[in-house]
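Below, chain A is the first sequence line, B the second, and so on; all start at residue 1. Computed from heavy atoms alone, side chains included, the values below leave out hydrogens, waters and symmetry copies.
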Amino acid sequence: MRLYNTLTRTKEEFKPMVEGHVKMYACGPTVYNYFHLGNARPFVTFDTLRRYLEYRGYDVEFCQNFTDIDDKMINRANEEGVTVKDIADRFIKEYYVDADGLNCKRPTYQPRATESIDAIIGLVQSLMDKGYAYVIEGDGVYYDVTKFKDYGKLSHYKLEDLVAGGGERKASYEGKKNPGDFAVWKFKKEGEPSWDSPWGEGRPGWHIECSAMIKKYLGDTIDIHGGGQDLIFPHHENEIAQSEAANGCPFANCWVHNAFVNVDGEKMSKSLGNFFTIRDIVKHFPYQVIRFFILSGHYRMPINFSDELLRSAQNGLDRIVTCANNLRFVIGKNSGDGSEDELLLSQIKTAGDEFIKVMDDDLNTADAITVIFNLVRDINTAVASGKVSDDALKAALDKLVELTGVLGIETEAEDDGIPSEIMELVEQRTAAKKNKDYAEADRIRDLITSKGYSVKDTPQGPQVEKL
RNA sequence: GGUGCCAUAGCCAAGCGGUAAGGCCAAGGUCUGCAAAACCUUUAUGCCCCGGUUCAAAUCCGGGUGGCACCUCCA
């Protein structure tokens, strides 16, 4: 598989350190609120990368953190008059509602920053011991960016430019040796949660938690580190500086960054106020549609959000799901002689091969969906021909479920069964049709529809589905 | 000021030097008692503009124009 590596700015052949085993980390949410569509993109993207790697036979260790201590957490807690932990507990729970809804598999590890304080302090200690960090009295422990010779290698920013660029921006330099220095440990302020440390009571800086949790759960060097493009600088740059300085070895071999979700061409963000939470969107569109929408473009390209685009995604997804449902209905009732099996079987094979080919090329989910649409057309044509055996249709269904499954798309509605009341109506309608009493047949169909079910007449008999 | 990304049909979108995938929408047709689902057909002699390289460019190079992002919490 080839992946675009932000570090080298090229697509590279992905080779994990240990054959068949992948260590992967993605920056998770700060749990102070419901997450929005822009936040959802990396969750879905890296879940899909993880699923695909597993599909290709890798054993994937996937770690995604919860940031449960920072300014936003503290502010929210103060606003509501509850503890920071209360906020964290609440929104981690809410996170799972949406993440599960989006069908993101639970990561192998999902640590909270506040449960990794020991690891954080250990890392800060290493930085102090090696002379990379210094204390600013009454403020915190800071990382000296000039001590790390590779600083800027991920973002490709030069230290001089960063300083120069500070022009109109009023960065607070007080006490810092360099404008780019950042806190790895912040000393306690009144009313803030804090932990003991060799330098005084306080809490971790933002960047240090990821470095620490990666070290703790995955090791000093990992294969893939992911996140949104806005994290490249300073967050990921600083993670590299901290981890490589402390551990003395490469931090992450491949850096994968997803592009943003835009609204009217502008980045969806909390600060612009143009964001839509998943919780709100799901009032209008199923989770599955949101996931499909996110995957319908390449992860490194911006996607625009609008109702119209979601609707378009929904219609497209329906085509795929309908195909699977039709297959499930027709298998077992079909009387095809198998004369067209060979064609369908070869189309299934092609779809599987193509799927891997496009996904191997930097996780091209947009092309992967195209492959699925092509398979859907082939299947529909085969079903309509009436010349395909059940075995071939079964193989087609299996492949369709397999490929959509790699994308985290489920084609199987939870089947509560069709109530007997509905089935009786369907039989009455069939009888009415037989007597050519079409008015009665249509009346019954309307009745069935009003009860939340649809009936389609097929060569194999009436197909009933929950709406 | 520094650093990147993007521009393809009505909408979305892939394409990574070999002659424009796919989806949505729309129109026409086939099937159906009618529907639904499905299938077929139609929809960019052209990929922002101007140069250049090449037998060959949406794809590479140079220069424009327009948009976006990062350099500050941000997915």
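Between A/R2 and A/D360, no side-chain nitrogen of the basic residue sits less than 4.0 Å from a carboxylate oxygen of the acidic one, so the salt-bridge criterion is not met. Here A/E244 pairs with A/K153 in a salt bridge; the nearest charged N to carboxylate O distance falls below 4.0 Å. A/D457 has a carboxylate O that lies under 4.0 Å from a charged side-chain N of A/R429, or vice versa, which qualifies the two as a salt bridge.
Scanning atom types as modelled, one donor and one acceptor separated by under 3.5 angstrom connect the side chain of A/R445 and the base of B/C34. Contact annotation: side chain of A/K11 to base of B/C16, donor-acceptor pair present below 3.5 Å. Between the side chain of A/N315 and the base of B/C25, no donor-acceptor pair of N or O atoms lies under 3.5 Å. Looking at A/D367, its side chain has no donor and acceptor atom pair within 3.5 Å of the base of B/G22. Applying the 3.5 Å distance criterion, the base of B/A14 shares no donor-acceptor pair with the side chain of A/T370.
Aromatic stacking is marked for A/Y438 over B/G33, as both cut-offs hold: 5.5 Å for the centres and 30° for the planes.
Checking B/C73, B/C68, B/A37 against every side-chain atom of A/S271, the shortest atom distance belongs to B/C73.
In this structure, the side chain of A/Y52 engages the main chain of A/I356 through a donor-acceptor pair within 3.5 Å.
Protein atom CZ of A/R443 is 21 Å distant from nucleotide atom P of B/G33, rounded to whole Å.
Map A/L317 and A/T381 each onto its nearest nucleotide of RNA chain B; the residue landing nearer the 5' end is A/L317. The residue among A/D70 and A/F373 whose nearest nucleotide of RNA chain B is located toward the 5' end is A/F373.
The shortest distance between the side-chain N/O atoms of A/N364 and the OP1/OP2 oxygens of B/G15 is below 4.0 Å. Close to B/G4, at under 4.0 Å from its OP1 or OP2, lies a side-chain N or O of A/R9. Contact annotation: A/K433 does not reach the phosphate of B/U32 (side-chain N/O to OP1 or OP2, under 4.0 Å).
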Pairs under 3.5 Å (Watson-Crick or G-U), crossing ones as [ ], inter-strand ones as |: RNA chain B comes out as ((((((((.[[[..)..(...]]].(((((.......))))).....[[[[[..)....]]]]])))))))....

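Residues that satisfy the salt bridge (Lys or Arg N to Asp or Glu O under 4.0 Å) test with A/D47, not counting sequence neighbours, are A/R51, A/R291.
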